[in-house]
Amino acid sequence: MKALILAAGYGTRLYPLTKEYPKPLLKIGKRPLINYILDKIEGLDDVSEITVVTNSKFISQFKKWEKSLKTKKRLRIIDDLTKDHSDKKGAIGDIDFVIDKAKVKEDLLVIGGDNLFADSLEEFIFFAKAHKTSPVIGVYRLKNISQARQYGVVKLNTKNRIIDFKEKPKLPKSTLAAMCLYYFPKETLSLFKEYMQLENRSLIAYKRVDRSDATGFYIDWLRKKLAVYGFIFSGQWYDIGNYKFYKEAKEQWVAGSD
C-alpha cells in the first residue's frame with residue numbers, strides 16, 4: 001500500500017498566515033500539523049511508501065522540513081508544477097497527477113494535509129480491507145446539523161454504504177461529515193482519470209465551476225458507479241480550513257499529543 005498526503009493547496013482562507021507558508025507546516029503545539037499525520041501512517045505496517053504532493057511555490061519549504069524528519073518509511077515529495085491558487089490542480093487533480101507521476105499500482109491511502117485527528121488508522125484500514133475492492137472514506141459525526149453545512153455531508157445505510165453525499169448542503173441529511181481521508185483499492189485508481197476527463201469536457205462545454213478540488217463531488221460520482229463505504233471516527237478531529245478552526249485546534253488539541 002502507498003500513502004499520499006495532499007499538501008498542494010494555497011490555503012487562501014488562512015491568508016496572510018499562509019500566503020508565504022504552507023498550511024500543513026503550521027504548528028499545532030510544538031510540531032507541524034503534517035507530523036501528526038505522519039505519525040498515524042508510521043503505525044501502519046502495510047504502507048511501504050509515503051508521498052507528499054505540494055506545489056512549486058512551497059516545495060523548497062517541504063524539502064527543508066523533510067531534512068528534520070526521522071521516518072522509518074520511504075518518503076518522497078512531488079511537485080505538482082503549479083505556482084499559485086489560480087493554477088491549482090485541486091485535490092482530485094493532484095491524486096490523478098501522483099498516480100501517473102509515481103506510477104501507483106497498489107492500494108492508495110489518501111489524507112488531506114490539513115486533517116488533524118486523534119484516532120489510529122488501524123481500524124480504518126481493517127474495515128477497508130474487509131470491503132475488498134470498494135473505496136472507503138473516513139467520516140466524523142458532528143454535534144449538530146447546523147455544523148454540517150460547512151462540510152461534505154454523508155448519509156450511510158445500515159451496512160455503512162454511502163447512499164448520499166452533498167458538498168456543503170443548505171439542508172444536510174445527516175451530521176456525518178466527510179474527512180479528507182480515503183482508501184482507494186488499486187482496482188479503482190483508473191477512475192480518477194475517467195473523472196478528470198469528464199470534468200475537463202464539462203468545463204469546456206458548459207463553462208461551469210471546476211469541481212476537481214472538492215473531493216465530495218468525486219465521491220458522489222464514484223458511489224453511483226460502485227459501492228463506497230464510510231468508516232466513522234470518534235476521537236478529536238479538526239479540518240483546519242480557516243482561522244477559527246486553526247485557533248480551536250491549537251487550543252483544544254489534547255495535552256501530550258505534541
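Bear in mind that the values here come from a model prediction, so they are computed numbers and not experimental data.
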Working for side chain to side chain contact (heavy atoms under 4.5 Å, CB included), residues Ile99 and Phe192 | CA-CA 9 Å; Ile99 290 171; Phe192 284 99; 3.6 Å; yes
Given Leu108 and Tyr183, is the side chain to side chain contact (heavy atoms under 4.5 Å, CB included) satisfied, shown in steps?
-> CA-CA 6 Å; Leu108 184 63; Tyr183 180 94; over 6 Å; no
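- Grouping the Ile, Leu, Val, Met, Phe, Trp and Tyr side chains by contacts below 4.5 angstrom, directly or via other members, places Val136 apart from Ile163.
- Residues Asp39 and Arg31 form a side-chain contact, since some pair of their non-hydrogen atoms from C-beta on lies under 4.5 Å apart.
- In this structure the side chain of Lys168 never reaches within 4.5 angstrom of the side chain of Arg149, judged on heavy atoms.
- Atom CG of residue Leu38 and atom CD1 of residue Ile111 lie 9.0 Å apart, to the nearest 0.5 angstrom.
- Within the 4.5 Å cutoff, no side-chain heavy atoms of Phe245 are placed close to those of Asp239.
- Applying the salt bridge (Lys or Arg N to Asp or Glu O under 4.0 Å) test to pairs two or more places apart or on separate chains, those with a residue in residues 104-117 are Lys2-Glu106, Lys23-Asp114.
- Expressed to the nearest 0.5 Å, how far CG of Leu116 lies from NZ of Lys40 amounts to 8.5 Å.
- For Asp100, the salt bridge (charged side-chain N to carboxylate O under 4.0 Å, His left out) partners are Lys193, not counting sequence neighbours.
- With rounding to the nearest 0.5 Å, the separation of CZ in Phe97 from CD1 in Ile78 is 7.0 Å.
- Side-chain contact between Trp65 and Pro32 is present, with heavy atoms from C-beta onward closer than 4.5 Å.
- A chain of hydrophobic side-chain contacts below 4.5 Å, direct or via other Ile, Leu, Val, Met, Phe, Trp or Tyr residues, connects Leu198 to Met196.
- For the atom pair OG1 of Thr51 and CG of Leu75, the computed distance is 7.5 Å after rounding to the nearest 0.5 Å.
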With salt bridge (charged side-chain N to carboxylate O under 4.0 Å, His left out) as the test, would you mind laying out the steps for Glu42 and Lys70 before giving the verdict?
-> CA-CA 11 Å; Glu42 283 276 343; Lys70 294 180 181 179; over 6 Å; no
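- A continuous path of hydrophobic side-chain contacts links Tyr21 to Tyr10 [ILVMFWY only; heavy atoms under 4.5 Å].
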Give the C-alpha distance, both sets of side-chain angles, the deciding distance and a yes or no for side chain to side chain contact (heavy atoms under 4.5 Å, CB included) between Val110 and Ile5.
-> CA-CA 6 Å; Val110 179; Ile5 300 175; over 6 Å; no
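- Using a 4.5 Å cut-off between side-chain heavy atoms of Ile, Leu, Val, Met, Phe, Trp and Tyr, with links allowed through other members, Leu226 and Ile162 fall into the same hydrophobic cluster.
- Distance check, rounded to the nearest 0.5 Å: OH of Tyr182 to CD1 of Ile137 gives 6.0 Å.
- Taking all atoms of both residues into account, the shortest heavy-atom contact from Leu44 to Lys73 is O-NZ, 2.8 Å.
- Within 6.0 Å of the NZ atom in Lys57, the count of heavy atoms belonging to other residues, nucleotides or ligands exceeds 12.
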Applying ring pair (Phe, Tyr, Trp, His ring centres under 6.0 Å), run through Phe117 and Tyr36 and close with a yes or a no.
-> CA-CA 8 Å; Phe117 56 96; Tyr36 296 99; over 10 Å; no
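- Salt bridge Glu49/Arg76: present, at least one basic N to carboxylate O contact under 4.0 Å.
- Residues forming a ring-ring contact (aromatic ring centres under 6.0 Å, His included) with Phe165 (at least two apart in sequence, or on another chain): none.
- Among residues two or more places apart in sequence or in another chain, the side-chain contact (heavy atoms from CB on, under 4.5 Å) test is passed with Ile232 by Val139, Arg141, Leu156, Leu176.
- Residues Leu181 and Leu121 meet the side-chain proximity criterion, which asks for heavy atoms closer than 4.5 Å.
- Classification of the Phe124-Phe233 ring pair by plane angle, with boundaries at 30° and 60°, yields tilted.
- Two residues are said to be in side-chain contact when any heavy atoms from C-beta on lie closer than 4.5 Å; Arg74 and Ile50 fail this criterion.
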For Thr82 and Asn55, what are the C-alpha separation, side-chain angles and deciding distance, and is it a side chain to side chain donor-acceptor pair (under 3.5 Å)?
-> CA-CA 5 Å; Thr82 68; Asn55 52 56; 4.9 Å; no
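- Considering all non-hydrogen atoms of both residues, Gly112 and Ile37 come closest at O-CD1, 3.3 Å.
- Linking ILVMFWY side-chain heavy atoms closer than 4.5 Å, directly or via other members, places Val154 and Ile145 in two distinct hydrophobic clusters.
- Trp237 and Tyr151 have tilted rings, their planes meeting at an angle from 30° to 60° on a 0 to 90° scale.
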Could you go step by step and tell me if Tyr195 and Phe217 meet the ring pair (Phe, Tyr, Trp, His ring centres under 6.0 Å) rule?
-> CA-CA 10 Å; Tyr195 179 80; Phe217 290 119; 8.6 Å; no
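- Within the structure, salt bridge (Lys or Arg N to Asp or Glu O under 4.0 Å) pairs that include any residue of residues 122-138 comprise Asp46-Lys129 (at least two apart or interchain).
- Pro24 pairs in a side chain to side chain contact (heavy atoms under 4.5 Å, CB included) with only one of the listed residues (Ile240, Asn35, Ile34, Leu6), which is Ile34.
- What you find for Gly113 and Leu33 is that their closest heavy atoms are O-CD2, 3.4 Å.
- Annotation: the span from Ser134 atom OG to Arg223 atom CZ amounts to 14.0 Å, rounded to 0.5 Å.
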Assess whether side chain to side chain contact (heavy atoms under 4.5 Å, CB included) is satisfied between Leu109 and Leu4, documenting all intermediate values.
-> CA-CA 6 Å; Leu109 172 67; Leu4 170 62; over 6 Å; no
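- Not counting sequence neighbours, the partners of Phe127 by the ring-ring contact (aromatic ring centres under 6.0 Å, His included) test are His131, Phe231.
- Closest non-hydrogen pair, Pro169 versus Ala148, comes out as CD-O, 4.3 Å.
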